[in-house]
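Below is one structure, written out as structure tokens, with a few remarks after it.
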Amino acid sequence: QVQLVESGGGLVQPGGSLRLSCAASGSNFSPSVMLWYRHPPGKQRELVAGISNSGSTNYADSVKGRFTISTDNGKNTVYLQMNSLKPEDTAVYYCNVILQSGLPFWGRGTQVTVSS
């Protein structure tokens, strides 16, 4: 099985930046797609960004131009670079990885708070 650990969350002021990391561990890791979700307080969970094994990326309209999803060369880690952060970006951010077999794995989440 695969274990996912998110890191990089924290408290930042509006306009600041954070980079989230999701490190995968486990034997025979073969991702098909890697995703970042977020769950703002009092709101529904939403898909923020995704990257396929081929490198294709997609973003929610609310973060286009501000967030960038990427992976390392071995595709063992997925990153979310977040720039020009806004208070409405405050949420718990979750890493989601779907293997080639279709089996999904979720990280525990990391808190991002944007506040002055």
Side-chain angles (χ1 to χ4, degrees):
Q1 64 174 5
V2 175
Q3 294 80 43
L4 304 176
V5 179
E6 300 103 332
S7 62
L11 174 65
V12 297
Q13 295 187 354
S17 297
L18 285 174
R19 189 174 81 154
L20 305 183
S21 298
C22 175
S25 62
S27 300
N28 305 118
F29 182 62
S30 57
S32 176
V33 62
M34 300 180 182
L35 308 168
W36 283 100
Y37 285 83
R38 68 184 181 187
H39 193 171
K43 299 181 179 180
Q44 294 182 339
R45 182 189 66 185
E46 64 176 341
L47 177 62
V48 176
I51 184 168
S52 71
N53 187 256
S54 66
S56 298
T57 59
N58 285 284
Y59 299 92
D61 288 341
S62 59
V63 306
K64 285 181 179 177
R66 300 189 298 119
F67 290 11
T68 303
I69 188 171
S70 62
T71 63
D72 62 3
N73 291 335
K75 297 183 174 65
N76 294 316
T77 305
V78 59
Y79 305 95
L80 186 67
Q81 178 67 47
M82 305 184 296
N83 299 325
S84 302
L85 284 163
K86 306 174 181 179
E88 48 264 47
D89 295 318
T90 296
V92 178
Y93 285 71
Y94 297 92
C95 177
N96 175 225
V97 173
I98 302 174
L99 303 185
Q100 296 286 356
S101 64
L103 186 65
F105 291 90
W106 289 88
R108 298 179 302 168
T110 185
Q111 177 71 49
V112 172
T113 302
V114 184
S115 177
S116 60

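Computed from a predicted model, the values in this text were never measured in an experiment. Just so you know, residue 1 is the first one in the sequence shown, and it goes up from there.
Annotation: side chain of T90 is not in contact with side chain of S115 (no heavy-atom distance under 4.5 Å). With a 4.5 Å cut-off on side-chain heavy atoms, Y79 and D72 count as touching. The shortest distance between side-chain heavy atoms of V97 and L35 does not fall below 4.5 Å. At least one side-chain heavy atom of V2 sits less than 4.5 Å from a side-chain heavy atom of L99. A 4.5 Å side-chain heavy-atom check between V92 and T110 finds every atom pair outside the cut-off. Between L80 and F67 the shortest side-chain heavy-atom distance falls below 4.5 Å. Looking at heavy atoms from C-beta onward, L20 lies in side-chain contact with V112 at the 4.5 angstrom threshold. When side chains are defined from C-beta on, I69 counts as touching W36, because their heavy atoms get closer than 4.5 Å.
Follow the hydrophobic side-chain contacts under 4.5 Å out from L4 and you never reach V33; the two are in separate clusters. Put simply, I98 and M34 are part of two different groups of oily side chains (I, L, V, M, F, W, Y) that touch within less than 4.5 Å, one to the next. Residues M82 and Y94 fall into different hydrophobic clusters, defined by Ile, Leu, Val, Met, Phe, Trp and Tyr side chains chained together at heavy-atom separations under 4.5 Å. V78 and V5 are not part of a single hydrophobic cluster, where members link through side-chain heavy atoms under 4.5 Å apart.
In summary, K86 and D89 do not engage in a salt bridge, as defined by a charged side-chain N under 4.0 Å from a carboxylate O.
Taking the ring pair (Phe, Tyr, Trp, His ring centres under 6.0 Å) definition, one finds that Y37 meets it with W106, sequence neighbours left out. With sequence neighbours left out, S7 forms a side chain to side chain donor-acceptor pair (under 3.5 Å) with no residue at all. Partners of S32 by side-chain contact (heavy atoms from CB on, under 4.5 Å), not counting sequence neighbours, listed by chain and number: Q100. Applying the side-chain contact (heavy atoms from CB on, under 4.5 Å) test to V12 and every residue at least two apart in sequence or in another chain returns L18, L85, V114.
In this structure, CZ on R108 lies 12.5 Å from SG on C95, to the nearest 0.5 angstrom.
The closest side-chain donor-acceptor pair between S52 and S54 falls under 3.5 angstrom. Judged purely by distance below 3.5 Å, without hydrogens or angles, the side chains of Q111 and T113 pair a donor atom with an acceptor atom.
Identified under the side-chain hydrogen bond (donor to acceptor under 3.5 Å, both in side chains) test for residues 10-21, with sequence neighbours left out: S17-N83. The salt bridge (charged side-chain N to carboxylate O under 4.0 Å, His left out) pairs that include a residue from residues 43-57 are R38-E46, where partners are two or more places apart or lie in different chains.
Residue P41 comes nearest to A91 through the heavy atom pair CD-CA, 4.4 Å, listed as atom of the first residue, atom of the second, then distance. Of all the heavy atoms in P104 and N96, the pair that sits closest is CB-ND2, 4.2 Å.
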